[in-house]
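Reviewing the structure listed below.
Indexing begins at 1, ligand by ligand and atom by atom, following the structure's order. Computed from a predicted structure; not experimentally measured. Below, all heavy atoms of this structure are taken into account, side chains as well, without hydrogens, waters or symmetry copies.
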Amino acid sequence: MRHRVTLIPGDGIGPEVTGAARLVAEATGVSFDWEVVEAGESAIRARGTPLPEEVLDSIRRNRLALKGPITTPIGGGFRSVNVALRQQLDLFASVRPARAIAGEGTRFPQTNLIVVREATEGLYSGVEHWVDRDHSAAETVNVITRKASDRIIRFAFELARREKRRRVTAVHKANIMKTTGALFQSAFREMATHYPDIASDERLVDNMCMQLVKKPEEYDVIVTTNLFGDILSDLCAGLAGGLGVAPGALYGDSLAVFEPVHGSAPKYAGQDKANPVAEILCVELMLRHLGELEAADRVWRAVWETIAEKKVVTYDLALPGYTERPVPPSSCSAMAREIARKLPLVDLSTPLPQPSGRAGPAAMDPALEA
Ligand code: NAD
């Protein structure tokens with residue numbers, strides 16, 4: 001069966017890492033038809049708008065997209081294409097697995113958790129204004145609804161059940177945000193009663209940050225609101241080896257868009273230097289979503305073995321300061337070619353060596369369907 005996928009190369013390092021991911025996707029033997037559409041800075045140049053309607057139409061039609069990062073100007077300029085995409089396609093669940101790979105690039109080789117972030121409301125709603133004429137004060141609106149809270153919390157519990165995870169932790173700030181935080185908290189407490197087979201608990205977001213950098217192996221599935229999820233998923237990416245290895249997925253009722261946690265890293269654009277693994281692991285998640293489980297396992301395994309072997313890895317896994325075992329760095333495209341070369345050679349019948357401590361699943365297991 002051929003799978004038709006909308007491909008959005010994106011900005012900065014986006015074209016390089018999506019090119020690398022496409023190479024690996026095609027090397028799996030699974031058939032893809034790529035519909036390439038431009039969003040972000042390249043779309044502004046070509047079409048005068050960062051999010052042409054054809055991008056939304058293409059994703060609605062194919063119900064599947066692989067996306068590179070898109071630059072958002074800071075403090076002005078056009079509105080975030082990423083936020084607009086999530087809101088307009090109602091991609092409500094941002095799922096960001098943080099899995100340490102072969103113990104490399106991390107002080108926490110047992111990290112194996114998933115951040116589930118509500119992606120359509122909260123402090124990302126973009127509802128803000130100046131309070132006075134001379135712009136000396138500003139307000140932003142934190143929109144939290146019961147409907148969206150129920151939906152994301154149910155999604156997190158269902159994910160935990162499918163993945164045989166043991167615990168869902170809700171993260172909020174209900175001690176200070178006594179209406180918005182409390183609404184999310186009460187939705188979580190009520191939903192947890194429907195999942196007696198899965199343990200549940202809560203953390204205030206500040207405490208959660210401290211707990212995660214001390215003992216990430218104790219956490220499993222984290223569900224939270226939009227801004228806290230944004231921050232925690234970068235933190236968890238750092239625990240698992242850095243932004244270069246952190247994939248993500250956005251799910252709506254019938255759509256799925258796969259994008260890395262990292263941004264467009266403009267300072268590395270055009271240098272063939274960025275780590276392609278985060279975008280390549282987006283292909284792994286996409287293959288699981290499509291039910292192409294053996295191909296997904298091969299991608300995970302080939303990435304794992306390439307990083308463990310450490311002969312062809314990008315700077316962030318190679319250089320002193322990033323790793324305890326420095327080696328000469330390879331390019332983005334060389335690392336992608338090495339992963340693609342390994343795909344048919346990996347042996348799926350032997351288990352991957354697990355780091356000492358808690359033995360987590362070798363990969364995200366079942367197809368993640370919204
Ligand atoms: P960033 O993730 O682009 O980069 C931060 C740093 O992380 C980089 O300087 C680099 O050192 C490292 N890094 C990131 N990706 C890497 C990779 N693949 N390989 C190796 N190192 C990597 O974050 P930023 O600098 O805060 O944001 C840059 C732009 O990206 C901004 O315009 C921001 O709005 C946008 N952004 C987009 C998305 C998205 O499209 N989903 C997500 C985050 C940020």
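- Considering both main-chain and side-chain atoms, Val261 never comes within under 3.5 Å of ligand 1 through any nitrogen or oxygen pair.
- Counting heavy atoms under 4.0 Å from ligand 1, residue Lys267 touches it through the side chain alone.
- Checking Glu104 against Thr106 by side-chain atom types alone, no donor-acceptor pair falls below 3.5 Å.
- Note on ligand 1: Pro276 sits outside its first shell, no heavy atom being nearer than 4.0 Å.
- There is a path of hydrophobic side-chain contacts, each under 4.5 Å, that joins Met286 to Trp304.
- Connection of Leu243 to Ile222 is not established within any shared hydrophobic cluster, with ILVMFWY side chains joined at heavy-atom distances below 4.5 Å, either directly or through further cluster members.
- Using modelled atom types and a 3.5 Å distance limit, the side chains of Glu38 and Ser42 yield a donor-acceptor pair.
- Closest heavy-atom approach to atom 42 (C) of ligand 1 among the candidates Arg86, His262, Glu16, Glu279: His262.
- For atom 16 (C) of ligand 1, the nearest non-hydrogen atom from the set Val277, Asp316, Ile13, Leu317 comes from Ile13.
- Contact annotation for Leu243 and ligand 1: only side-chain heavy atoms (C-beta onward) come within less than 4.0 Å of the ligand.
- Comment: Lys311 does not engage Glu338 in a salt bridge, judged by the lack of any side-chain N to carboxylate O separation of less than 4.0 angstrom.
- For the ligand labelled ligand 1, residue Asn82 lies inside the 4.0 Å heavy-atom shell.
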### Message
Run the salt bridge (charged side-chain N to carboxylate O under 4.0 Å, His left out) test on Glu279 and Lys67 for me, step by step, so that the C-alpha distance in whole Å, both residues' side-chain angles and the decisive distance to 0.1 Å come before the verdict.
### Response
CA-CA 8 Å; Glu279 193 80 50; Lys67 175 181 167 295; over 6 Å; no
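- Set against the non-hydrogen atoms of Glu259, the atoms of ligand 1 under 4.0 Å away are 41 (N).
- Atoms of ligand 1 lying under 4.0 Å from any heavy atom of Thr71, numbered from 1 in the order shown and given with element: 32 (O).
- In this structure, atom 25 (O) of ligand 1 has its sub-4.0 angstrom surroundings free of protein heavy atoms.
- An N or O contact shorter than 3.5 Å links Gly263 to ligand 1 by distance.
- Cation-pi geometry between Arg167 and Tyr219 is satisfied (NZ or CZ under 6.0 Å from the ring centre, within 45° of the ring normal).
- Using 4.0 Å as the threshold, Lys273 has no heavy atom nearer than that to any atom of ligand 1.
- Distances shorter than 4.0 angstrom do not occur between any heavy atom of Asp234 and any atom of ligand 1.
- Between Arg60 and Glu53, at least one side-chain N (NZ, or NE/NH1/NH2) sits under 4.0 Å from a carboxylate O, which counts as a salt bridge.
- Taking the charged nitrogens against the carboxylate oxygens, Arg301 and Asp347 have no contact shorter than 4.0 Å, which rules out a salt bridge.
- In this structure, a donor-acceptor pair under 3.5 Å is absent between the side chains of Ser333 and Glu16.
- Distances from atom 1 (P) of ligand 1 to the protein include at least one heavy-atom value under 4.0 Å.
- Distances below 4.0 Å separate heavy atoms of Tyr268 from the following atoms of ligand 1: 10 (C), 11 (O).
- The aromatic rings of His3 and Phe32 lie tilted to each other, with the angle between the two planes from 30° to 60°.
- Taking only nitrogen or oxygen atoms, main chain and side chain alike, Ser264 reaches within less than 3.5 Å of ligand 1.
- In Pro266, the part holding a heavy atom less than 4.0 Å from any atom of ligand 1 is the side chain.
- Per-residue contacts place Ile70 under 4.0 angstrom from the following atoms of ligand 1 (heavy atoms of the residue considered): 35 (C), 36 (N), 37 (C), 39 (C), 40 (O).
- Residue Thr72 has at least one nitrogen or oxygen atom sitting less than 3.5 Å from a nitrogen or oxygen atom of ligand 1, judged on distance alone.
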